[in-house]
Amino acid sequence: MNIVSSKRELSEIINDLKVEGKSIGFVPTMGALHEGHLSLMKRSNSDNDVTVVSVFVNPTQFNNPNDYSKYPRIIEEDIAKLKSVKCDILFTPTKEEMYPEEDNREFDFGNLERVMEGKHRPGHFRGVALIVSKLFEAVNPHKAYFGEKDFQQLAIINRLNEKENYGIEIVPCPIIREKDGLAMSSRNMLLSKEQRENVSLISKTLSKSLEQSKNKTVQELKDWVISEINVNKYLDVEYFDVVDIKTLESACDWMNKNNLIGCIAVHVGSIRLIDNIRFYS
Ligand code: PAF
C-alpha cells in the first residue's frame, strides 16, 4: 500500500495509473475504520483496478468543536485494516495540505441542505462539500463509494457531482449493522458500556416502524418512533422524519411509499448517532 500525504504526488500517481488504462475507485473516510468502511473498499476492489482511500478528519464539517476534538483518530489500526482488505493508495493529508488558505466557497443545495442534518448541524454540509470537492479534484476517480447510513450526505454529494460536472459515478452502499442491529459508525466506539447496551433500541424501533406504518398515518408513526426511543433514559431523539428519497421533502401520507425513507438522529449523552430505514408497500 502506497501512503501519500501530498495532493500533487497523489494526482501524479493516479494520472500515471490512468495512462496505463487503470480504473480508479475512491473511498473517502475520516478514519476509525469499521466493517461499514471495509465493505465500501471491498466493493471498490471488485469494481476497479485501483482503490484509493482517504483518511482525513475534516475540521470544516464539525459544527461542534467538542465533537471534532473527540472524533477517534487511530491511524495505525486503520492502516492494518486497510492492508487486510487491499487498499492500493492511502491518502492521509494534513489540515494545511487540504486547507492551505481559508476556503470561502458557498454551495447551494436547496432543500437538501435545509432539512434534518442540515437544520440541526448548521454549516455541516458546506464543510462536507468543501472537502469532498477538494478530494474529488485531487483523486479524480472513475467511481466513488459512500454509505447509505449518511443518506442526506449521499444526496448532497450526488448534487455536488452534478453541479461541478465531475462525471464521477457515485456508488451508494448499504448500511452495515452490528449483530444487534446498531448501524456501524466510527462514533460507536465512544459509547460507554451502558450506552452501548441501550442504543440497539434505535434500529429495533426503525425495523418495527415498517409494520407500524401499515396502520398509522405518517404523523402518528413519527410520534410513535420518537416516544418508543425516548422512553429509554440513555436516548434523546433529535429528529425523526419521513422524507422523499430524492427531494428529502417531508411526506404527509404514504402515497409513493416505495420512495420514502425514515431518517433519525439520536443523542446518547454527548454522542450523536444517525440511522435510517426505507419503507416499502
Ligand atoms: O462520511 C464521511 O466520513 C465524511 O463526511 C466524508 C465524506 C469522508 C467527508 O469528510
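Remember, it's 1-based here, ligands and their atoms both numbered in the order they're listed. Position 1 is the first residue of the sequence, and the numbers go up from there.
- Under 4.0 angstrom from ligand 1, the non-hydrogen atoms of Thr29 all belong to its backbone.
- Among all protein heavy atoms, the one lying closest to atom 5 (O) of ligand 1 is Gln153 OE1, 2.7 Å.
- Using a 4.0 Å cut-off to heavy atoms of Ile131, the atoms of ligand 1 that qualify are 9 (C), 10 (O).
- Those atoms of ligand 1 that come under 4.0 Å of a heavy atom in Gln61, given as number and element, are 4 (C), 5 (O), 9 (C), 10 (O).
- Arg8 forms no cation-pi arrangement with Phe91, by the criterion of a distance under 6.0 Å to the ring centre and an angle within 45° of the ring axis.
- By the 4.0 Å N-to-carboxylate-O rule, Asp88 lies close enough to Lys86 to be salt-bridged with it.
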Please list, one pair per line, the donor and acceptor atoms closer than 3.5 Å that link side chains of residues 26-41 to other protein atoms, with sequence neighbours excluded.
| from | atom 1 | to | atom 2 | distance (Å) |
| --- | --- | --- | --- | --- |
| Thr29 | OG1 | Gly31 | N | 3.0 |
| Thr29 | OG1 | Ser54 | O | 2.8 |
| His34 | ND1 | Gly36 | N | 2.9 |
| His37 | ND1 | His34 | N | 3.1 |
| Ser39 | OG | Gly36 | O | 2.6 |

Counting only pairs under 3.5 Å, give me each side-chain donor-acceptor contact of residues 226-233, with atom names and distances, residues two or more places apart or in other chains.
| from | atom 1 | to | atom 2 | distance (Å) |
| --- | --- | --- | --- | --- |
| Ser227 | OG | Asp223 | O | 3.1 |
| Ser227 | OG | Trp224 | O | 3.2 |
| Asn230 | OD1 | Val237 | N | 2.8 |
| Asn232 | OD1 | Tyr234 | N | 2.8 |
| Asn232 | ND2 | Asn198 | OD1 | 2.8 |

